[in-house]
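Working notes, structure below.
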Amino acid sequence: AAQGQGMMQDFDSTLVRRGVHASTLTDMAGFVEMIQERAVDQLLTELPGIATLSDTKFSLARTVIRRRARKLARPDFEQLRLLAFEVADDVGGDVGERIRGLFSFS
């Protein structure tokens, strides 16, 4: 448990903290809104923290991130996917697999 807490600190951000502490529908809506408004480059740095959230919160984040990604022009999407995969490779393990899963769609 202590190691998990240490890992969460490594991936800490306002967005991730909001996701961790979201417990009501209002909190969840605020979390979704933050993901929708977050600059893509900042969101990329937060992917490891997002990938450590509970299954329900990660699924919610995945839906929003995929929706945003689908709106990108194909070259922009491919660039985003490559950068996300680099982040996934850096963190590795289950967290890396979750990040890859965010962008594994057509």
Side-chain angles (χ1 to χ4, degrees):
Q3 185 182 11
Q5 289 174 342
M7 278 181 52
M8 186 52 107
Q9 291 302 318
D10 293 342
F11 305 137
D12 197 22
S13 73
T14 306
L15 175 69
V16 173
R17 279 193 303 275
R18 186 137 193 198
V20 167
H21 297 295
S23 59
T24 66
L25 282 176
T26 302
D27 294 343
M28 294 288 197
F31 174 58
V32 166
E33 188 175 322
M34 278 187 90
I35 295 170
Q36 290 171 334
E37 295 174 355
R38 199 61 130 208
V40 173
D41 58 337
Q42 187 174 3
L43 201 54
L44 278 168
T45 66
E46 294 169 323
L47 288 177
I50 292 168
T52 62
L53 295 173
S54 71
D55 289 345
T56 301
K57 293 172 184 177
F58 177 74
S59 178
L60 187 61
R62 180 179 55 220
T63 300
V64 176
I65 291 169
R66 283 182 172 178
R67 188 180 316 131
R68 283 188 68 183
R70 283 188 178 107
K71 291 179 182 177
L72 295 173
R74 193 68 185 177
D76 294 335
F77 169 76
E78 289 301 330
Q79 180 67 27
L80 176 62
R81 196 167 81 89
L82 285 172
L83 292 170
F85 277 38
E86 286 178 18
V87 171
D89 290 343
D90 287 345
V91 295
D94 292 341
V95 172
E97 285 304 310
R98 273 185 138 187
I99 293 169
R100 279 185 205 85
L102 285 169
F103 297 95
S104 297
F105 64 92
S106 323

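- Across all their heavy atoms, A84 and I99 have their closest contact at O-CG2, 3.5 Å.
- Panel note: side chain R98, backbone L53; a donor-acceptor pair is recorded below 3.5 Å.
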- Message: Using side-chain contact (heavy atoms from CB on, under 4.5 Å), reason through I35 and L60 one step at a time and then give a plain yes or no.
- Response: CA-CA 10 Å; I35 295 170; L60 187 61; over 6 Å; no

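- Rounded to the nearest 0.5 angstrom, R70 CZ and F77 CZ are separated by 8.5 Å.
- Annotation for F103 and L47: closest pair CE1-CD1, 4.1 Å, computed over non-hydrogen atoms.
- A donor-acceptor pair under 3.5 Å is formed between the side chain of R100 and the backbone N or O of G96.
- A distance-only check finds no donor-acceptor pair linking the side chain of R81 to the backbone of A69 [under 3.5 Å].
- Within the 4.5 Å cutoff, the side chain of V40 has no heavy atoms near those of the D76 side chain.
- Counting heavy atoms from C-beta outward, T14 and R38 have side chains that approach closer than 4.5 Å.
- The shortest heavy-atom contact between D27 and H21 is OD2-O, 3.9 Å.
- Two residues are said to be in side-chain contact when any heavy atoms from C-beta on lie closer than 4.5 Å; Q42 and L15 fail this criterion.
- Across all non-hydrogen atoms, the minimal contact from K57 to V20 is NZ-O, 2.9 Å.
- Heavy-atom minimum distance, R66 versus L102: NE-O, 3.1 Å.
- The distance from atom OG1 of T63 to atom CZ of R68, rounded to the nearest 0.5 Å, is 14.0 Å.
- Qualifying salt bridge (charged side-chain N to carboxylate O under 4.0 Å, His left out) partners for R18, counting only residues two or more places apart in sequence or in other chains: none.
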- Apply side-chain contact (heavy atoms from CB on, under 4.5 Å) to L43 and I50, showing your working. CA-CA 9 Å; L43 201 54; I50 292 168; 3.9 Å; yes

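- A search for side chain to side chain donor-acceptor pair (under 3.5 Å) contacts involving T26 returns nothing, not counting sequence neighbours.
- In terms of heavy-atom proximity, R67 sits nearest to Q36 at NH1-NE2, 3.5 Å.
- The distance from atom CG of L44 to atom CD of E86, rounded to the nearest 0.5 Å, is 9.5 Å.
- A 6.0 Å sphere centred on CG of L82 holds more than 12 heavy atoms belonging to other residues, nucleotides or ligands.
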